[in-house]
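Worksheet: one structure, shown below.
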There are 2 protein chains.
Amino acid sequence: MAIRIGILGYGNLGRGIECAIKQNDDLELAAVFTRRDPATVKIQTEGVKVYNVSDVEAHKDEIDVMILCGGSATDLPKQTPEYVKYFNVIDSFDTHAKIPEHFANVDAAAQANGHVGIISVGWDPGMFSLNRLYANAILSEGSDYTFWGKGVSQGHSDAIRRIEGVKDARQYTVPVPEALEKVRNGENPVLSTREKHTRECFVVAEEGADLARIENEIKTMPNYFADYDTTVTFISEEELKANHSGIPHGGSVIRTGVTGWNKENKHVIEYSLKLDSNPEFTSSVLVAYARAAYRMNKEGAKGCKTVFDVAPAYLCKQSGEELRAHLL
Amino acid sequence: MAIRIGILGYGNLGRGIECAIKQNDDLELAAVFTRRDPATVKIQTEGVKVYNVSDVEAHKDEIDVMILCGGSATDLPKQTPEYVKYFNVIDSFDTHAKIPEHFANVDAAAQANGHVGIISVGWDPGMFSLNRLYANAILSEGSDYTFWGKGVSQGHSDAIRRIEGVKDARQYTVPVPEALEKVRNGENPVLSTREKHTRECFVVAEEGADLARIENEIKTMPNYFADYDTTVTFISEEELKANHSGIPHGGSVIRTGVTGWNKENKHVIEYSLKLDSNPEFTSSVLVAYARAAYRMNKEGAKGCKTVFDVAPAYLCKQSGEELRAHLL
């Protein structure tokens with residue numbers, strides 16, 4: 001019997017989860033929960049119902065794992081500790097600084113109710129974190145580097161949109177090729193914020209807006225742009241739609257380190273992603289960890305977990321025997 | 001108290017383990033075991049004893065994890081099931097086709113004696129296997145590619161050395177750049193053996209040897225070279241020593257796949273290694289898994305495991321709290 005997955009929140013991420021479930025025949029979509037009026041939410045999977053989130057408790061016996069697709073700022077800090085009372089849950093909580101607090105809250109509720117909650121799943125945090133951990137475990141003496149992009153930063157795009165005279169905008173984070181090259185060569189550089197990434201902004205201005213002012217406001221915006229070399233290109237609404245409507249992303253986690261009795265040998269470990277769709281890739285990771293949560297809970301595990309606590313074999317539908325024969 | 005590690009077999013790998021232990025202050029080298037006369041084996045760590053392998057059982061209470069540094073062809077199939085009776089063990093068994101049989105033998109002995117034996121640890125099998133698994137779990141529909149090199153193949157170098165008139169030789173396996181490029185672009189190519197790797201041979205011939213015959217014997221050697229584009233360069237013994245005495249290696253595991261309701265989005269996951277010293281990097285992986293074996297056994301785990309069965313957090317000396325705060 002397939003593992004029954006629930007989706008809570010039907011935005012970009014929720015839609016990605018729905019697609020990922022379709023690609024995995026050991027999983028099935030059981031229901032979608034939304035804060036909107038369910039009648040207004042049209043999903044793609046035939047025969048699956050949409051409910052209001054207020055009815056979630058009534059469906060606790062129909063769902064093996066609930067994937068929480070809310071935002072990290074205000075949704076997940078409340079939702080994950082709440083819903084882990086009724087379900088095994090997965091979230092993609094990505095406010096790095098608040099992970100310890102979130103972990104503690106989810107753990108208390110999960111332990112008390114005998115469920116598994118895996119938090120901070122996705123690619124960063126998630127697959128990037130895993131690769132930082134493995135590389136640190138192997139090369140005890142070395143340096144870590146993370147580069148993001150080329151990809152769309154939703155937060156930075158939003159910040160531009162809030163400027164007066166801006167109709168729409170898309171911001172790309174781009175790693176500096178020379179910096180990447182130095183790191184890959186094992187040169188172990190110390191890199192400033194400006195030396196690691198540039199920011200490319202494509203902006204649709206309102207008619208008659210002062211373009212020079214907009215450009216200046218973007219480039220001098222503290223935290224978001226002031227510490228970077230930023231380029232601003234004004235384009236038409238049609239051009240934005242035609243060339244900048246995707247949500248690509250990616251990046252690289254690199255660790256360089258030394259081994260040998262006199263530390264005479266250098267090594268470079270690199271993990272890289274090139275993603276056409278950030279939310280769909282994130283969803284594919286979440287769905288694999290939903291499978292793991294279900295299995296671990298079946299074996300008696302409970303409490304809050306992260307990707308660090310999940311043995312890799314739990315992520316695959318194949319048996320240990322099949323995995324050893326084909327992937328080892 | 002530090003985890004007490006034993007080394008069984010003191011060749012390139014054993015020496016690498018010794019170096020890796022020195023870099024990890026939660027581990028200590030307890031003893032080295034050799035098939036040679038211990039008096040003839042000089043190790044680098046002060047105050048640590050070398051014993052003959054026949055005395056190993058007498059030291060079973062002094063060692064928490066024994067790392068087996070023998071070869072896969074004849075040593076490990078006997079050693080791992082034997083020594084897991086007395087110790088938690090780690091090996092780097094790398095005959096892919098015989099892993100299921102080796103697993104079964106080690107598991108039976110490990111279960112019966114309450115120990116953990118982690119087999120096939122290193123980078124391939126090992127870190128490459130892990131990355132194949134993670135990428136397959138995430139992208140259920142896609143293609144896998146593994147490229148090796150640029151690096152020294154010991155087996156191929158040995159094959160050349162067996163040819164009449166050859167004094168010494170070093171063989172490098174080199175990925176074909178165009179093939180790598182196509183895979184990284186998500187073009188999903190079907191690649192023949194010849195299209196994936198080339199083989200570069202540096203050969204020292206004996207005086208007066210027939211170079212044309214040697215070159216022809218190399219290039220037409222079945223399994224080893226006949227299916228590849230192979231180049232043969234004759235060099236002096238001094239040149240071999242000066243420019244080809246290292247044991248570098250590396251490679252890339254790449255999975256490309258699609259997501260989306262209509263499979264409209266492409267993704268590329270790549271894991272790459274660039275290693276100055278193949279045995280020292282392998283040793284660093286083995287040592288991290290020795291830490292894991294010790295901890296898992298302390299928690300009550302027993303039996304044969306592979307990298308697929310080990311939750312990542314066990315590999316690091318830091319607590320779960322520290323890992324979540326700094327690496328997640």
Side-chain angles (χ1 to χ4, degrees), chain A residues 16 18-20 22-24 44 96 99-100 103 120 125 127 129-134 136-141 184 186 259-261 264-277 280-281 283-285 288 291 306-313 315-316 320-321 323-325 327-328, chain B residues 16 18-20 22-24 44 96 99-100 103 120 125 127 129-134 136-141 184 186 259-261 264-277 280-281 283-285 288 291 306-313 315-316 320-321 323-325 327-328:
Chain A
E18 187 181 16
C19 295
K22 188 187 174 199
Q23 289 187 296
N24 287 282
Q44 305 213 63
H96 288 262
I99 286 174
F103 184 93
S120 302
M127 297 312 296
S129 324
L130 268 181
N131 277 280
R132 281 188 283 264
L133 184 149
Y134 278 118
N136 272 269
I138 298 168
L139 296 175
S140 357
E141 297 183 53
R184 285 181 178 145
T259 64
W261 197 254
E264 62 272 32
N265 288 311
K266 283 200 296 195
H267 307 277
V268 182
I269 305 176
E270 174 167 357
Y271 179 78
S272 296
L273 297 174
K274 212 169 72 187
L275 315 174
D276 270 1
S277 165
E280 286 180 9
F281 186 83
S283 298
S284 299
V285 181
R291 180 184 289 123
T306 74
V307 294
F308 296 162
D309 307 307
V310 178
L315 301 171
C316 292
E321 229 160 20
L323 293 175
R324 286 190 293 276
L327 293 176
L328 196 62
Chain B
E18 187 180 17
C19 296
K22 188 188 173 198
Q23 290 187 296
N24 287 280
Q44 305 214 61
H96 288 263
I99 287 175
F103 184 93
S120 302
M127 297 312 296
S129 323
L130 268 181
N131 277 280
R132 282 187 283 264
L133 184 149
Y134 278 118
N136 273 269
I138 297 168
L139 296 175
S140 0
E141 296 183 53
R184 285 182 178 144
T259 64
W261 197 253
E264 62 272 32
N265 288 312
K266 282 200 296 194
H267 307 277
V268 182
I269 305 175
E270 175 167 356
Y271 178 79
S272 296
L273 297 174
K274 213 168 71 187
L275 314 175
D276 270 2
S277 165
E280 287 181 9
F281 186 83
S283 298
S284 299
V285 180
R291 180 183 289 123
T306 74
V307 294
F308 296 161
D309 307 308
V310 177
L315 301 171
C316 293
E321 230 159 20
L323 293 175
R324 287 190 293 275
L327 293 175
L328 195 62

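None of these values were measured; they are calculated from a predicted model. Below, chains carry the letters A, B, ... as their sequence lines are ordered, and counting in each starts from 1. Quick note: numbers below take in every heavy atom, side chains included, and nothing from hydrogens, waters or symmetry partners.
The neighbour count for B:Glu264 CD, taken as heavy atoms of other residues, nucleotides or ligands under 6.0 Å away, is above 12.
In terms of non-hydrogen atom pairs under 4.5 Å with chain A, the most contact-rich of B:Pro125, B:Gly260, B:Ala288 is B:Gly260. Contact count versus chain B (heavy atoms, under 4.5 Å) is highest, among A:Gln44, A:His96, A:Met127, for A:Gln44. Taking B:Ser283, B:Pro100, B:Gly320, B:Ser129 one by one and counting their heavy-atom pairs under 4.5 Å with chain A, the maximum is reached by B:Ser129. With chain A as the partner, the residue from B:Arg132, B:Glu280, B:Glu321 showing the most heavy-atom pairs under 4.5 Å is B:Glu280. Of the residues considered (B:Ile269, B:Val307, B:Leu315), B:Ile269 shows the highest number of contacts with chain A, using heavy-atom pairs under 4.5 Å. Heavy-atom pairs under 4.5 Å with chain A peak, among B:Asp309, B:Asn265, B:Thr306, at B:Asn265. The most heavy-atom pairs under 4.5 Å with chain A, out of B:Ser277, B:Ser120, B:Ala20, come from B:Ser277.
When heavy atoms are compared at a cutoff of 4.5 Å, A:Leu273 approaches chain B by way of both its backbone and its side chain. With a 4.5 angstrom heavy-atom cutoff, B:Lys266 touches chain A via backbone and side-chain atoms both. Interface residue B:Leu327: backbone and side-chain heavy atoms are both found under 4.5 Å from chain A. Proximity to chain A (any heavy atom under 4.5 Å) is shown, for B:Val285, by both the backbone and the side chain.
Rounding to the nearest 0.5 angstrom, the gap separating the OG atom in A:Ser284 from the NE2 atom in B:His267 is 6.0 Å. To the nearest 0.5 Å, atoms OH (A:Tyr134) and OH (B:Tyr134) are separated by 3.0 Å. Note that the CG atom of A:Asn136 and the SG atom of B:Cys316 stand 6.5 Å from one another [nearest 0.5 Å].
Of all the heavy atoms in B:Ile138 and A:Phe281, the pair that sits closest is CG2-CE1, 3.7 Å. Summarising the geometry of B:Phe308 relative to B:Leu130, their closest heavy-atom pair is CE2-N, 4.0 Å, with the distance given to 0.1 Å.
With contacts defined as side-chain heavy-atom distances shorter than 4.5 Å, the pair A:Asn131/B:Asn131 qualifies.
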>> One pair to check against side chain to side chain contact (heavy atoms under 4.5 Å, CB included): B:Cys19 and A:Thr259. What are the steps and the verdict?
In response: CA-CA 7 Å; B:Cys19 296; A:Thr259 64; 5.9 Å; no
